[in-house]
Amino acid sequence: GVRALWKGNLTACLRLFPYSALQLAASRRLVILFTDELGHISHWRAIMAGSLAGMVATVMTHPTDVIKTRLIVQNRLEPSYKGILHAFYKIYHQEGFLALYRGVSPAILGAVPFSAGSFFVYINLDKIWREPIVHFTPLQNFINGCVTAGVAQTLSFPFETVKRKMQAQSPWLPHYGAVDVHFTGMADCFRQTVKNKGVLGLWSGLTPSLLKIVPYFGVMFSTFEFCKRVCLYRNGYIESPLNYKLTPGVDQSLQPQELRELKLLRRENFEPRKSALEN
């Protein structure tokens, strides 16, 4: 039925918040760590920071990804799992704790081409639009997010394919989880997939994946950029959240707290002078 199209959706939603939070937090810390004394970070260090942040988030939330895959591949007419908690309990007791991390190796390795593809597109956006990044409109940021996700997902999708097969395969499930090839590990999964399906078999399912992830990243990227502008506007760095015009007379190198203290100091100095003039 139609409900089958939403199998595993609750697990995916529950995983999304901790994954995104961990990725953003780790990325911020790593960027600070890899930034030099002058506040600059090289392209390769930025790619490394993004890759490591993706790896941290992947490792911490991988069990929920395994459960999502198992709920998706099971037959709703003869389900092996009754829900998220039952799937977690059954996998843990039947297959052991490590089964919850099945497929984590290709997931970690896939973070590298995903991050590299994302960063490659991002650093060339100004060349594509022929204007500075700070001048981009919300529509441009949406398109940028879509293009970035499309390139990154296409580059990393072979690892995604192998990860899903490894997560789904289990001797405790009917037909070994209904995987189309049988294997003994990540390398063998790559080998058997290419042998039985051809090289393009590693990109099987790419189209529906892009239809999901491309608009998601477009909305996320445009929303993130707009929220960043709102924060800059509220702290007094720019004149309006609708554009990136800098506020005249504001030192952009100051931290928000320093800028607030400077404004307070100026206000205190102005008020006594005004009172003296009135007297």
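Atom set for the values below is all heavy atoms of this structure, side chains included, hydrogens, waters and symmetry mates excluded. None of the values given here were measured: they were computed from a predicted structure.
Distance alone, capped at 3.5 Å, places no donor-acceptor pair between the Q167 side chain and the G103 backbone. Panel note: side chain K7, backbone Q74; a donor-acceptor pair is recorded below 3.5 Å. Side-chain atoms of N235 do not come within 3.5 Å of backbone N or O of Y237 as any donor-acceptor pair. Listed for the K197 side chain is no donor-acceptor partner under 3.5 Å among the backbone atoms of V181. At distances below 3.5 Å, at least one donor-acceptor pair connects side-chain atoms of Y101 with backbone N or O atoms of V59.
Considering S118, P113, S115 in turn, S115 is the only one that fulfils the side chain to side chain contact (heavy atoms under 4.5 Å, CB included) rule with S51.
One distance of note links CD of Q169 with OG1 of T184; it measures 9.0 Å at 0.5 Å rounding. Note: I91 CD1 to H86 NE2 = 10.0 Å, rounded to the nearest 0.5 Å. Within the model, atoms CD1 of I84 and OG1 of T64 stand 9.0 Å from one another, a figure rounded to the nearest 0.5 Å. Distance CD/Q192 to NE2/H182: 10.0 Å, rounded to 0.5 Å. With rounding to the nearest 0.5 Å, the separation of CG in N144 from CG in L125 is 4.5 Å. Rounding to the nearest 0.5 Å gives a distance of 13.0 Å between CZ of R164 and SG of C189.
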Using a 3.5 Å cut-off and no angle test, enumerate the donor-acceptor pairs between side-chain atoms of residues 217-230 and protein atoms at least two apart in sequence or in another chain.
from	atom 1	to	atom 2	distance (Å)
S222	OG	G218	O	2.9
S222	OG	V219	O	3.1
T223	OG1	V219	O	2.6
E225	OE1	K228	NZ	3.4
R229	NH2	V134	O	3.0
R229	NH2	F136	O	2.7

Going by atom type alone, with no hydrogens or angles, which donor-acceptor pairs under 3.5 Å involve a side-chain atom of residues 199-215 and a protein atom two or more places apart or on another chain?
from	atom 1	to	atom 2	distance (Å)
W203	NE1	T154	O	2.8
S209	OG	Q153	NE2	2.7

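Annotation for E239 and P248: closest pair OE2-CD, 3.3 Å, computed over non-hydrogen atoms. In this structure, L155 and G117 approach most closely via the heavy-atom pair CD1-CA, 3.8 Å. Closest approach of V73 to A168, counting heavy atoms only: CG1-CB, 4.1 Å. Closest approach of T58 and A107 over heavy atoms only: CG2-CB, 3.6 Å.
The closest side-chain heavy-atom distance from R70 to S170 is below 4.5 Å. Side-chain contact between V112 and M55: present, with at least one pair of heavy atoms (C-beta onward) separated by less than 4.5 Å. Looking only at side-chain heavy atoms (C-beta outward), F159 and F190 come within less than 4.5 Å of each other.
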Show your working on side-chain contact (heavy atoms from CB on, under 4.5 Å) between V104 and M166 and close with a plain yes or no.
CA-CA 9 Å; V104 72; M166 293 181 68; over 6 Å; no

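For H175, the NE2 atom sits in a loose shell: 12 or fewer heavy atoms of surrounding residues, nucleotides or ligands are nearer than 6.0 Å. For Y233, the OH atom sits in a loose shell: 12 or fewer heavy atoms of surrounding residues, nucleotides or ligands are nearer than 6.0 Å. Within 6.0 Å of CZ on F120 lie no more than 12 heavy atoms contributed by other residues, nucleotides or ligands. Counting non-hydrogen atoms of neighbouring residues, nucleotides and ligands closer than 6.0 angstrom, the CE atom of M186 exceeds 12 such neighbours. Within a 6.0 Å sphere centred on CZ of F88, other residues, nucleotides and ligands contribute 12 heavy atoms or fewer. No more than 12 heavy atoms of other residues, nucleotides or ligands sit less than 6.0 Å from atom CE of M48.
D65 and R102 are not joined by a salt bridge, as no carboxylate oxygen comes within less than 4.0 angstrom of a charged side-chain nitrogen.
No path of Ile, Leu, Val, Met, Phe, Trp and Tyr side chains, each step under 4.5 Å between heavy atoms, connects V179 with V194, placing them in separate hydrophobic clusters. A single hydrophobic cluster is seen to contain both L71 and L100, as judged by linkage of ILVMFWY side chains at heavy-atom distances under 4.5 Å, directly or through other members. Clustering ILVMFWY residues whenever any of their side-chain heavy atoms sit less than 4.5 angstrom apart, transitively, puts I47 in a cluster other than the one holding V31. Linking ILVMFWY side-chain heavy atoms closer than 4.5 Å, directly or via other members, places I72 and I67 in two distinct hydrophobic clusters. In terms of hydrophobic clustering, with Ile, Leu, Val, Met, Phe, Trp and Tyr side chains grouped at heavy-atom distances under 4.5 Å, L173 and Y92 are assigned to a common cluster.
Contacts of R191 classified as salt bridge (Lys or Arg N to Asp or Glu O under 4.0 Å), with partners at least two apart in sequence or in another chain: D188.
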